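Here's the structure we're looking at; comments come further down.
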Amino acid sequence: MPFLRRRRASEYTKASDSADNGGGDEKEREVKSRRKRGQGGSERPRRWSCVDSCCWLVGCVCSIWWLLLFLFNAMPASFPQYVTEAITGPLPDPPGVKLRKEGLTARHPVVFVPGIVTGGLELWEGHQCAEGLFRKRLWGGTFGELYKRPLCWVEHMSLDNETGLDPPGIRVRPVSGLVAADYFAPGYFVWAVLIANLARIGYEEKNMYMAAYDWRLSFQNTEVRDQTLSRMKSNIELMVATSGGNKVVVIPHSMGVLYFLHFMKWVEAPAPMGGGGGSDWCAKHIKAVMNIGGPFLGVPKAVSGLFSVEARDIAVARAFAPGVLEKDVFKFQTLQHMMRMTRTWDSTMSMIPKGGDTIWGGVDWSPEGVFNCSTKRSKNVDITISELSAVRELENRAGVNYGRLISFGKDVAKIHSSKIERTDFRGAVKGTYLSNTSNCDVWTEYHDMGVGGVKAVADYKVYTASSILDLLNFVAPKLMKRGSAHFSYGIADNLDDPKYQHYRYWSNPLETKLPDAPDMEIYSLYGVGIPTERAYVYKLTSTSECYIPFQIDTSADGGSEDSCLKDGVYSADGDETVPVLSAGYMCAKGWRGRTRFNPSGINTYIREYDHAPPANLLEGRGTQSGAHVDIMGNFALIEDIIRVAAGATGQDLGGDRVHSDIFRWSEKIRLQL
Amino acid sequence: MGSVLRLWKLCYVEPVKFQSFGSNKNAEKRQQQQQEERSVSEVESVVQKNGRDDDDDRKKKKNRGKRKSREWRCVDSCCWVIGCLCSVWWLLLFLYHWLPVALPGFQPLESPGARLSREGVRALHPVVLVPGISTGGLELWEGKPCSEGLFRKRLWGGSFTEILRRPLCWLEHLSLDNETGLDPPGIRVRAVPGLVAADYFAPGYFVWAVLIQNLAKIGYEEKNLHMAAYDWRLSFQNTEIRDQALSRLKSTIELMYLTNGCKKVVVVPHSMGVLYFLHFLKWVEGPPPTGGNGGPGWCAKHIKAIMNIGPPFLGVPKAVSNLLSSEGKDVAIIRAMDPGVLDSEILGLQTLEHAMRVARTWDSIISLIPKGGETIWGDLDWSPEEGHGCGLAKRRTLQSSGTNMNSNRADGKITFSVMKEPAKYGRIISFGKEASYLPSLQLPSVDLKELLLGSPSTISNSTCREVWTEYDELSRESIRDVADNKVYTSRTLLDLLRFVAPKMMQRAESHFSHGIADNLDDPKYDHYKYWSNPLEMRLPDAPDMEIYCLYGVGIPTERSYVYKMAPTGKCKSIPFRIDSTAEGYEDSCLKGGVYFVDGDESVPVLSSGFMCARGWRGKTRFNPSGATAYVREYQHRPPASLLEGRGAASGAHVDIMGNVAFIEDVLRVAAGATGEEIGGDRIHSDIMRMLERINIRL
């Protein structure tokens, strides 16, 4: 009975519309309409078509939206804070305000060195498809272009596969200034909170400098192409000169830490390869280097990234929706494109674990030993219980072998090395006989390997930090050839060897000496208390030639809830990206006192920040976070930085502040110092 | 609940109805549906009839329309209209976004950068851009509580939304300290650094963006292209004292020189940036503490060419009217069109008074006051532009603005008609129209010096005045005296300003000077206050350096003003205003109380061209090393169509930065060409004739 329903509907609408006008009116009208229909069915009131009601709806929504927007704009600026305070109680002062009340003012100029991925990149010259994007951000910001023209975007973000520099006809350059990395995407701060707090005690653009660089390039290439290192040198000199001789405080984050290590060697090295600053440049210009979340010795994540473009996030996504990433979503082979693009970025290779088995552990040992993954979760439980459980854990999981960075199969990850049958992959024959690459749009180096090569890799079963390098050399020879010209991953036997004057060693703290600057201070500031990727369980994918042949075995889970193995990833303590070992070892041991890596005896300090997730949604990303990027909003960290920038020394801050077992682990590493 | 139901019905009931609307094609489908729901047979027949009979349908529609208007309520129709508009807008936006980037068959004009790039012109010399007054962005670093949430947001430039949202707060933050000319306590507003500082002034209104884009086409990028952003509110030396902006510029130029294979830089200053860079030239070679300690060879070593765009070397008359009554031509026209708008207290604000108070704390404006006195700008009876006819220029603007009143006269009859009343441009400010053209003998002569000596008796009962301007300290009598003097030339003008704004002038005159040097060897000229006045400084010893003056011509430009006393309102503290009723004859240069001459809309030709065409031409005492100077003029042509935007051949003060010929010149020089190679001088105006009349020792 369509018409009845329809009619009622219109009546209802009318009724509720005119309800406030009084019901009598309505009845009268109804009668009228009935009469009209009686007169001629053709005059039936058909008032609202679908289009009309759609328009009406859209109009309503828009109007309300505008009204709200208007109200929001007219709202006094202090309103959100008022609401927050009403709910959570008075907020603590931001550290900048608090310290300003204590009378701290800007003293030492500050240099920020952003890490990988967080700096913006913009287009200066592009192919036809990038028309209209001149000086628009390709990386950072809203990433709008990624959706609008993905292939064009990938093409422009890639570097040349041979040289590691710009492909012909494309110039993508880092955004300069503080805007380069204050926010990564709208609302997602990186440096913004720190900048705002520094501004409270009097910093401004003239004594803050963001050393933005193209984080895709190898470090020396940033100088070759953009003269970024010279620029940084000149800016630091200028800031020291204009601020009355006060030395700078450098704050590198993530990969910026390695970049700045490279800079310190570069600036004192003689002219053609280095900056020609003389051997006392650092002593004259740098007061402190405050490394935030520094991956001094590399991160295991970089390996999985290079090996199969996965990290935990992607592995988890795959576990949730198997097939999404493998299928040609939107006709793209997403991961393959990603792999091809990221493999042209030399900088990722700076973060491959360094120091080999000595640091990261061998087949049957690792410095973390029997790290107890459950301690963090049961932090609040009574000590005796946690101790008890720790003991039990120890018995349960006698063999978490973090040293095995990559194992093929969960079982292999656990059993003792003597029981593993391994065949060496190094001599394995690569063949192109099976890979019919013409089917695949995207060319990755895996296509050159053939089935034999893939099988040989899997048969080796277990890879430690040193054999990882051989593995990468095997699966991605071009990449590693390019990379090994710029980076090195070993441990120096004799630092006086003249070969260590080459720039490829400058970003490896185990193959360089710190500059001769006894008054300089080096801090390692990082978060702890978050499970961090440390080792992976891999499996072979079904042999489909266009795909990456290896992936993380997300089905591999530890038995108990407390297990460190989860979704194919063994976790250790860290800040979600960098394990404590990598972030802390150099400052805890490698550079502590006078060592061969630190001949002038520069003071080092470790400041750890225990992770506490945000208490409620209003806090955003938390003021006590220890996560790799979120730590930049950690009040304790900001306070430390501001104090140092205002002139405090490491002793004034309170020296070391340690929550993790870093010192115990460092003892286990047998490294000649 | 009711509304939810209604929505439900709108979404699910209405479509059924909509289908019944359908044409005959859908009849079958409809019938099926109707079969399912065949309970009210009477209605059904109606519907079927409806489907068959088109004629009937049309009639019905008419009825329906009538009815709809009755039953729809206003709110509904509003919503409907808004919804329609939004949907269409989104649809268009969506289509626009999916538009292929380059439409086939549509060939946009090739930009000069792309053309030169094809010719093989490549980036060679690093380029430094120096923005002018008010085009650079300013952002907040520390503020009063009212500016909560604006940290590192732009106060100046961008979308200016904060003016509307918190106007008083905005004014307070943009003002400088009235005593020191530096930050007021608790407020730090700083220049935005980098290319973003002045690429666009407001969204869509380019300043440097077009030039930058074309430079990028021939290979420039951030490593060899630098924007020397500075806080344009401060006096030039103060930018160094507060922000070390000059040291920063020096260091950047040195760095770019080194990292680009020891190629000298090409500097491209615009508007007030020209004076700023003059100051820099002297500063960088000067000894510390006031100088940059670069040594006497610094400029010769680092600078290839200075390409001054729209240079106000000798100041602009606009600055005077701005300081005196914070009006320009624009404000005067607004007042003429709609008297009372500005004078009544809109929204309870004394707009002009506020603007005046803020602008008077900005020392940099003083650098734009006409320099060189009567020698350059003319005296009571004489001016270099004498006999300039405005007919040509004015007719052109009339054409462009579409209000072509005298179309019968516009048929290409270009005449420099002899004026019936020769404009006396030398009288930069006259009170009353008569005073502007009477012979000087008939003018009353009151010596302003006397006024200055007799201390103004303060009678300010400033009870109602929330806005304090220095006019409040002047008595009515002294204001009348000022007006009685009738006529001010560029020399007496300074006295006038000193009289009406003693604090500002006292502050500013320690930073700027407006005279002509008699003897440049006098050690007093080592002081920084003379560095931005080309008539009181020597160019550095750099014989290979080239100096260009690039500016637009063919636009009427403010040159002198007719003033009147403002009606004495209770809270109106600005006693003078431009007499916008003063009009000349049709061809006259007087319009709306302003006398016009040739120029680029802001800077008269005289000011922009004099130094390059005469003052620095050859070896003169201002240019002892004989650096070569070139004049490049660009005849203004308004954009032919709306599609052209602000025009590819514009000569207007800011729009010239999109002028194709201009861009080509800059690109060629940046790529290594010399002034001779791009064609030497290029002159459209009668600048040479004007300059011959100026009697100055060189």
Side-chain angles (χ1 to χ4, degrees), chain A residues 1-6 9 12-14 16-17 41-60 62-63 73 77-78 124-125 128-129 131-132 134-135 148 171 173 176-179 182 195-196 199-200 204-206 226-227 230-231 234-235 237-238 241-242, chain B residues 2 5-6 9-11 13-18 21 33-34 37 39-40 42-43 45-46 49-50 56 59-60 63-64 67-68 71 73 76 78-84 86-87 97 101-102 141-142 148-149 151 165 188 190 193-194 196 213 216 221-223 243-244 247-248 251 255 258-259:
Chain A
M1 35 183 287
F3 196 71
L4 199 64
R5 256 170 64 204
R6 233 177 290 145
Y12 190 93
T13 317
K14 197 173 57 185
S16 53
D17 272 350
S42 55
E43 281 185 24
R44 185 182 45 86
R46 217 189 285 119
R47 288 166 304 179
W48 287 62
S49 73
C50 174
V51 178
D52 286 340
S53 35
C54 279
C55 283
W56 183 83
L57 192 67
V58 171
C60 254
C62 282
S63 315
N73 273 325
S78 57
W124 277 82
E125 184 183 340
Q128 196 65 43
C129 69
E131 187 72 36
F134 177 68
R135 284 186 60 225
K148 276 166 81 179
R171 282 186 293 152
R173 296 286 178 266
S176 63
L178 291 179
V179 285
D182 53 351
I195 292 172
R200 297 267 190 193
E204 54 194 68
E205 204 99 27
K206 71 174 173 187
D226 298 336
Q227 287 86 42
S230 305
R231 200 170 287 265
S234 148
N235 264 300
E237 284 167 356
L238 173 71
T242 54
Chain B
L5 265 176
R6 190 152 33 143
K9 276 174 187 146
L10 282 176
C11 298
V13 179
E14 303 298 333
V16 180
K17 215 194 277 177
F18 182 59
F21 242 121
Q33 251 170 14
Q34 284 154 0
E37 309 154 341
S39 62
V40 188
E42 156 207 351
V43 174
S45 69
V46 170
K49 194 174 155 202
N50 182 11
D56 227 350
K59 214 195 287 169
K60 256 178 291 155
N63 284 343
R64 207 183 303 127
R67 200 166 259 237
K68 215 184 268 173
E71 287 170 6
R73 292 195 312 158
D76 288 337
C78 280
C79 283
W80 186 84
V81 168
I82 293 174
C84 262
C86 283
S87 313
H97 274 286
V101 177
W141 278 83
E142 184 182 342
E148 184 75 34
F151 176 68
R165 284 176 64 185
R188 281 185 294 151
R190 295 289 180 266
V196 285
Q213 192 157 5
E221 57 195 58
E222 222 140 341
K223 72 175 171 186
D243 298 336
Q244 286 86 44
S247 303
R248 207 165 282 268
S251 150
L255 174 71
L258 282 177
T259 55

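Quantities reported herein were computed from a predicted structural model and do not represent experimental measurements. Sequence lines set the chain letters: A, B, ... in the order given, protein chains first and strands last, and positions in each chain run from 1.
- Taking A:Ala241, A:Ser63, A:Ala196 one by one and counting their heavy-atom pairs under 4.5 Å with chain B, the maximum is reached by A:Ala196.
- Both the backbone and the side chain of B:Val196 come within contact range of chain A, with heavy atoms under 4.5 Å apart.
- Contacts between A:Arg135 and chain B at a heavy-atom distance below 4.5 Å involve the side chain alone, from C-beta outward.
- Contact between A:Ser230 and B:Leu255 at its shortest, heavy atoms only, is O-CD1, 3.8 Å.
- The contact between A:Asp182 and chain B is made entirely by side chain atoms (from C-beta outward), counting heavy-atom distances below 4.5 Å.
- Closest heavy-atom contact between A:Leu238 and B:Ser247: CD1-O, 3.8 Å.
- For the atom pair A:Lys206 NZ and B:Trp141 CH2, the distance stands at 12.0 Å (nearest 0.5 Å).
- Of the residues considered (A:Arg173, A:Arg171, A:Gln227), A:Arg171 shows the highest number of contacts with chain B, using heavy-atom pairs under 4.5 Å.
- Interface residue B:Gln213: backbone and side-chain heavy atoms are both found under 4.5 Å from chain A.
- The pair A:Glu205-B:Arg190 fails the salt-bridge criterion, with no side-chain N (NZ, NE, NH1 or NH2) lying under 4.0 Å from an Asp/Glu carboxylate O.
- For A:Cys62, the part sitting under 4.5 Å from any heavy atom of chain B is the side chain, from C-beta outward, and nothing else.
- Between chain A and the residues B:Leu258, B:Ile82, B:Val81, the largest count of heavy-atom pairs under 4.5 Å involves B:Ile82.
- You'll find the side chain of A:Glu125 stays beyond 4.5 Å of the side chain of B:Glu221, heavy atoms only.
- Looking only at heavy-atom pairs under 4.5 Å with chain A, the residue among B:Arg188, B:Glu142, B:Arg248, B:Gln244 that has the most is B:Arg188.
- Contact annotation: the side chain of A:Asp226 never approaches that of B:Glu222 to less than 4.5 Å [non-hydrogen atoms, C-beta and beyond].
- With chain A as the partner, the residue from B:Ser251, B:Gly194, B:Ser87 showing the most heavy-atom pairs under 4.5 Å is B:Ser251.
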